[in-house]
Every structure is written in structure tokens, then in C-alpha cells.
Amino acid sequence: MQQILKGKAFVYGANIDTDQIYPGRFLDLTDPDQVGKHAMEGADPNFVKEVQPGDLIVASTNFGCGSSREHAAVTLKAAGVGAILADSYGRIFYRNAINLGVPLLVCPGIGQKVKRGDSLSLDMTTGTVTNLSSGETMQAQPLSEYVMNILASGGIKPLIKQQYGQG
Amino acid sequence: MHAIEKILAKAAGKAAVTTGEIVNCKVDMAGINDLYLQTLRSFFEMGGKKVHDPNKIVVFLDHYAPASTIMQADNQKQFREFCWEQGIDLLMDVDQGVCHQVMVDKGLVYPGQVLVITDSHTTIHGAFGAFGTGVGATDLAIIMVTGQLWFRIPEIIRIHLEGTLPQGVYAKDIILKVIGALGADYGVYRGVEFTGPVLKQLSVSERMALCNMTTELGAKTAYIQPDEITLQFLQGKVQHEYEIFTTDPGYQYAAEHTFDVTGMTPQIAAPHSVDNVAPVARYAGIPVNQAFLGTCTGGRAEDLAIAAKILQGKKINPRTRFIVVPASKAVLLEAMANGTMKTLVEAGATFVTPGCAACLGTHEGMLAAGETCITASSRNFPGRMGSPKAEIYLGSPAAVAAAALTGKIVDPTEYLKQG
Ligand code: SF4
């Protein structure tokens with residue numbers, strides 16, 4: 001996991017649900033590259049065309065609410081999203097993203113403070129977010145040790161494999 | 001401790017747990033839905049060869065029942081083969097219905113159980129005093145490998161329901177009102193317990209609707225203390241031994257809210273969020289192209305019977321289509337046996353296979369751009385039932401049936417009186 005992440009912000013409002021992040025009609029796709037082609041399609045059809053590897057998603061409250069579909073985390077990862085910053089998250093989405101090794105931080109108020117296209121820099125160790133376009137800094141809640149350990153291992157799969165892998 | 005905490009403590013092999021603590025719990029039953037082939041992929045990616053305990057895994061081919069595309073068919077094929085190879089006997093194939101209803105019909109849910117399914121509405125099983133929660137594919141695969149999963153002990157909120165429920169007003173109306181008042185993210189990371197005298201007026205089916213929709217508050221789990229209504233329902237159904245946990249007197253809830261249902265009117269959640277709720281009068285007169293009755297939220301035998309009461313001897317509006325999806329095979333059989341199905345089909349209903357159908361916008365009742373639907377299901381997110389440019393209103397099964405009859409959103413209580 002990189003310590004400092006830099007990227008352009010894609011900004012969304014409150015209650016962006018998993019149907020908007022990844023529409024239900026594509027749930028039969030299983031190849032991550034295919035899944036990545038529909039990222040954010042319900043909320044923002046231009047997202048996939050504009051996103052560059054390492055870019056950041058910024059949202060207001062309850063990002064990823066709704067269904068349990070891991071596709072919602074897979075699609076953002078496959079589309080190259082570097083990290084997600086939101087006021088709060090839907091709980092299953094939060095678990096899914098961490099399990100896949102996608103950093104996501106709770107940053108109260110960020111949904112109001114960043115504009116689409118702003119350049120952001122995120123320090124993963126301290127949780128400090130700097131808006132390079134406006135100069136403003138914000139503080140995200142630090143990740144728990146449990147979560148950091150999963151992210152540092154590149155997701156939960158390598159961890160479980162180490163502990164329980166049946167050869 | 002709260003009953004939910006006691007369930008988790010026991011599953012973690014601990015005498016006590018505290019709010020916020022992370023514990024590893026043994027999982028009594030883990031369910032996988034056909035949408036999530038990723039579960040099997042994650043299992044193998046984590047080095048899995050044999051599942052930890054094949055008797056504690058159940059596979060549901062419900063969201064794509066039966067398959068409408070070659071890809072769906074292939075996903076289901078891989079699930080079947082996995083079950084055969086792994087000795088998983090609880091394979092619920094495309095004839096069975098929605099996971100949650102199948103769990104109940106087959107007596108697989110019981111008080112005190114730790115139940116995890118790859119479906120967000122697993123909160124529904126709080127209606128039986130079980131700890132039910134939804135997870136993603138990889139979390140479920142971890143259970144397949146280890147038999148366990150970590151949980152954070154949630155804060156518990158209490159929702160106290162007072163008063164007498166008017167005729168024609170249902171659990172769905174109550175929960176929509178609660179969600180409208182508290183907001184779609186109010187329950188995130190929290191457990192929600194329902195208490196109060198209204199519970200005595202609610203059947204098990206209605207309690208399930210209540211707990212099911214706590215997911216739309218963002219809740220991790222729901223709970224209703226098992227009582228004689230629960231036990232009577234479970235009797236003869238559940239073979240597994242179970243323990244009923246009770247909350248200690250003086251337990252401090254993180255928050256408490258009281259709702260008085262006396263004089264309440266039917267409620268509607270308007271596009272495009274579940275907390276956009278108002279009394280039905282506010283939306284009365286809006287024409288609907290599709291009325292959708294079914295799902296794990298509003299597709300039980302009682303729900304279909306309410307619709308039949310409204311539509312008995314009548315015909316639906318010619319400009320509206322009426323899609324009916326029994327939640328499970330058992331529901332379908334009951335609707336056949338008691339004449340509900342005949343009444344609805346004669347009135348103009350289109351019956352589709354028990355399962356999720358159009359609830360999540362994959363098949364069997366999709367919406368075109370510019371169309372309006374009223375549904376007894378749980379979500380009205382943009383694109384949930386097809387085109388993101390369609391409008392979805394949520395209401396009770398009665399509100400759906402009355403809309404099918406009149407072709408527009410109306411107060412269903414009127415139509416129940418006449419019936
Ligand atoms: S019926 Fe709808 S809410 Fe219930 S499990 Fe199926 S898709 Fe989810």
C-alpha cells in the first residue's frame with residue numbers, strides 16, 4: 001500500500017447506493033475487467049471515460065448503501081480508483097472495500113469541501129487530506145489497526161490464505 | 001447485555017462482550033446467492049479446497065430464477081457443480097424462491113442463530129430472534145474456509161411501537177414511516193430492536209417485513225424478542241435445538257424512539273430514496289404503468305391474500321400491468337390452494353417464478369425510461385428495476401393492489417372497506 005496517494009477527485013452527494021455504483025443488470029459479469037467498465041454508471045455515465053488510475057472518489061454520507069454486491073467495490077478497484085473519502089459508508093460496502101484492499105476513509109464534511117476535478121493528496125498514515133487545488137487540509141479518521149493490517153497485506157485474501165490455506 | 005450481544009458472545013465463546021469490540025464468531029449458517037460467483041472465486045483464491053462444514057452452507061439460485069442469459073445459466077451451473085463436489089445438500093434451486101423466505105419455509109432459521117447471507121436483507125431474520133446480517137462475497141468465502149467471521153459488536157437502537165394499527169395499514173407502512181423520520185443512514189453499523197404493544201398485532205409475516213426494511217435504515221441487524229407468536233410459528237418447523245436470549249433489565253440502548261401508530265395512514269416512499277416518505281394522499285393520482293407485488297419484503301401468502309381481497313371479482317386497469325412474484329414455492333402453493341392465485345390471475349395479474357424477479361432490475365418485470373412503478377419491494381433507487389429514468393414508488397402490498405386496480409396511486413384503505 002502506498003503511503004501518499006494523489007489523484008483527481010470525482011465528487012458525489014449523499015446516499016449513493018450500490019445500484020448507482022454498479023447497476024444490478026450487470027451482476028452476472030464476473031471478470032473484474034468487465035465489471036470495471038460499468039463503474040458508477042447509475043450515478044455518472046461519464047465516470048468510466050474520465051477516471052485515471054489513482055483518482056479518488058469523494059462523497060457525502062452513506063456512500064455504498066444498499067445491496068451486499070461486492071461488484072460495487074470490485075468495479076471501483078478495477079476502474080483504478082486509488083481511495084475513497086466520504087462522510088460515512090454503507091456497512092457492507094465498507095467491509096467489501098477493505099477486504100479487497102481498496103483504502104476508504106471516513107472524512108467528516110469532505111463531501112461539501114471538494115469540487116469535481118480538484119487535485120487531492122492523501123497521507124494514509126496520518127489520514128491528512130490536502131486539497132491541492134484550494135490549499136485546504138482536512139483530517140480523516142485514522143484506520144483501525146485491524147483494517148490497516150488488511151490493507152497492508154493487499155486485502156484479506158492473502159491473509160486468510162496464509163493462515164488457513166489448504167495448500 | 002442485550003440479547004444480540006449474548007448471541008454474539010456465545011458464538012465467540014466469550015462470557016461477555018462490549019459495544020465496539022471486534023469478535024470472531026462461529027457462524028451457524030452461511031448462505032450464498034447466485035449473483036455472487038465471486039464467493040466461489042474468493043474461496044479458491046484464499047486457498048480453499050474443502051468447505052469448513054458443508055452442512056452449514058446453503059446455496060440459493062434465486063436472483064436469476066430461472067436464468068435469462070447464458071452468463072446467468074453458466075454462473076448457476078458452477079454453483080450446482082460446486083455443491084455436488086463439496087457435499088452441500090442445501091442447494092435451493094430455481095424452483096424454491098427468495099433466500100430469506102426459503103430459510104423460513106424450510107425451518108432453517110431459529111432464535112439465537114448466527115446467520116450470514118450474501119444479501120443485505122438478512123436483517124429480516126431478527127423477526128425470529130436470530131442474529132442475521134448481510135456480507136459480501138469475500139466475507140462469505142472466509143466463512144466457507146474458516147467457519148467464522150469477525151463482527152464489531154454494534155450499538156443497539158430501540159424502536160418502540162405504541163398504539164393500535166388502523167385497518168388497511170401494515171408493517172410496511174410503519175417501517176416506511178420510521179425510515180422517513182430517521183433517515184436512510186440512521187442505523188448504519190447499529191442493531192435495531194422493535195418493542196411495544198403493536199408487535200402483538202403483527203403476524204410473523206408482518207414482523208418479517210418490519211425487520212427486512214431495517215436494511216434501508218442502514219442497520220447491521222434487527223431484533224424482535226421471540227414471544228408466543230414466534231414460538232407458535234416455529235413449532236413443528238424447526239428441528240434444530242435453540243436457545244432464546246433475553247436482554248438484561250436496565251440495558252442502555254444507544255437511542256430510543258417511540259412511534260404511535262394510532263391513526264396512521266398508508267405511507268409511500270417516492271423516488272429515488274427510501275427515506276423520501278409521505279402519507280399516500282400526497283401522491284394520490286399519479287398514474288402507474290406497473291404494479292409489482294412480491295419479494296422478500298412483500299411477497300408472502302398474507303400479502304397476496306390482501307391483494308386478492310382488493311381485486312376479488314374485479315379487473316386491473318387496462319393501462320397498468322400487474323406483476324406478482326410469490327416469495328417462495330411454499331407461498332405459491334398456498335396461493336394456489338386457497339384460491340388467491342386464481343383471483344389475481346383472473347383480475348389480470350402476470351405471475352412469474354418465485355424469486356427476486358425485477359426487484360433488482362435483472363429480469364421479469366423491468367421498467368422502461370419514463371415509466372412509473374409502485375412496488376411492495378424494498379428499494380426505489382435509480383435504475384433498481386431497469387431504466388435509471390424510471391420512477392419507483394414503494395408502498396404496502398395493499399397499496400400496490402389498489403394501484404393495479406385503479407391505474408394510479410390511491411389510498412388502499414378505501415378498497416379494503418368495500419371488499
Ligand atoms: S427479493 Fe429483492 S430485496 Fe429480497 S433478496 Fe431478492 S433482490 Fe434482495
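So you know, we letter chains A, B, ... as the sequences are listed, proteins then strands, and number each from 1.
Contact tally against chain A (heavy-atom pairs below 4.5 Å) for B:Leu37, B:Asp74, B:Ile142: the top residue is B:Ile142. Ranked by heavy-atom pairs under 4.5 Å with chain A, the list B:Gln72, B:Glu216, B:Lys220, B:His363 is led by B:Lys220. The greatest number of non-hydrogen atom pairs below 4.5 Å with chain B, out of A:Leu159, A:Asn99, A:Ile156, is found for A:Asn99. Contact tally against chain A (heavy-atom pairs below 4.5 Å) for B:Ala137, B:Gly361, B:Ser42: the top residue is B:Ala137. Between chain A and the residues B:Met366, B:Met71, B:Gln38, the largest count of heavy-atom pairs under 4.5 Å involves B:Met71. Counting heavy-atom pairs under 4.5 Å between each of B:Ala184, B:Ser378, B:Pro388, B:Gly386 and chain A puts B:Ala184 at the top. Between chain A and the residues B:Ile22, B:Val135, B:Ile117, the most heavy-atom pairs under 4.5 angstrom are made by B:Val135. Chain B forms more heavy-atom pairs under 4.5 Å with one residue of A:Ser88, A:Gly66, A:Gly90 than with any other, namely A:Gly66.
Heavy-atom distances place the side chain of B:Thr69, and not its backbone, under 4.5 Å from chain A. Contacts between A:Tyr89 and chain B at a heavy-atom distance below 4.5 Å involve backbone atoms as well as side-chain atoms. Interface remark: B:Leu35 contributes backbone and side-chain atoms alike to the contact with chain A (heavy atom separation under 4.5 Å). Heavy atoms closer than 4.5 Å to chain A are found in both the backbone and the side chain of B:Asp139. For B:Asp34, no part lies near chain A; criterion is any non-hydrogen pair under 4.5 Å.
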Item to check | Derivation of the side-chain contact (heavy atoms from CB on, under 4.5 Å) call for A:Ile160 and B:Thr138 | outcome: CA-CA 11 Å; A:Ile160 296 284; B:Thr138 299; over 6 Å; no
Item to check | Pair A:Ser67-B:Arg379, side-chain hydrogen bond (donor to acceptor under 3.5 Å, both in side chains): steps then yes or no | outcome: CA-CA 10 Å; A:Ser67 98; B:Arg379 289 185 172 141; 4.9 Å; no
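A:Arg91 approaches B:Val188 most closely through the heavy-atom pair N-CG1, 4.3 Å.
Here the CG-OH distance, from A:Asn62 to B:Tyr186, works out to 14.0 Å after rounding to the nearest 0.5 Å. For the atom pair B:Leu140 CG and A:Ser68 OG, the distance stands at 9.0 Å (nearest 0.5 Å).
Evaluation of the salt bridge (Lys or Arg N to Asp or Glu O under 4.0 Å) test over residues 50-67 of chain A, restricted to residues two or more places apart or in two chains, returns A:Lys8-A:Asp55, A:Glu50-A:Arg116. A salt bridge (Lys or Arg N to Asp or Glu O under 4.0 Å) check over residues 63-82 of chain A, counting only residues at least two apart or in different chains, returns the pairs A:Asp19-A:Arg69.
With contacts defined as side-chain heavy-atom distances shorter than 4.5 Å, the pair B:Arg152/A:Ser144 does not qualify. The shortest distance between side-chain heavy atoms of B:Leu149 and A:Arg95 falls below 4.5 Å.
Within a 6.0 Å radius of CD in A:Glu145, no more than 12 heavy atoms belonging to other residues, nucleotides or ligands are found. Other residues, nucleotides and ligands place no more than 12 heavy atoms under 6.0 Å from the CD atom of A:Gln112.
Taking non-hydrogen atoms and a 4.5 Å limit, the residue list of residues 22-31 of chain A in contact with chain B, ordered by number, reads A:Gly24, A:Arg25, A:Leu27, A:Asp28, A:Leu29, A:Thr30, A:Asp31.
For B:Thr375, the side chain to side chain donor-acceptor pair (under 3.5 Å) partners at least two apart in sequence or on another chain are B:Ser377.
Between A:His71 and B:Tyr36, the ring-plane angle classifies as tilted under the 30° and 60° cut-offs.
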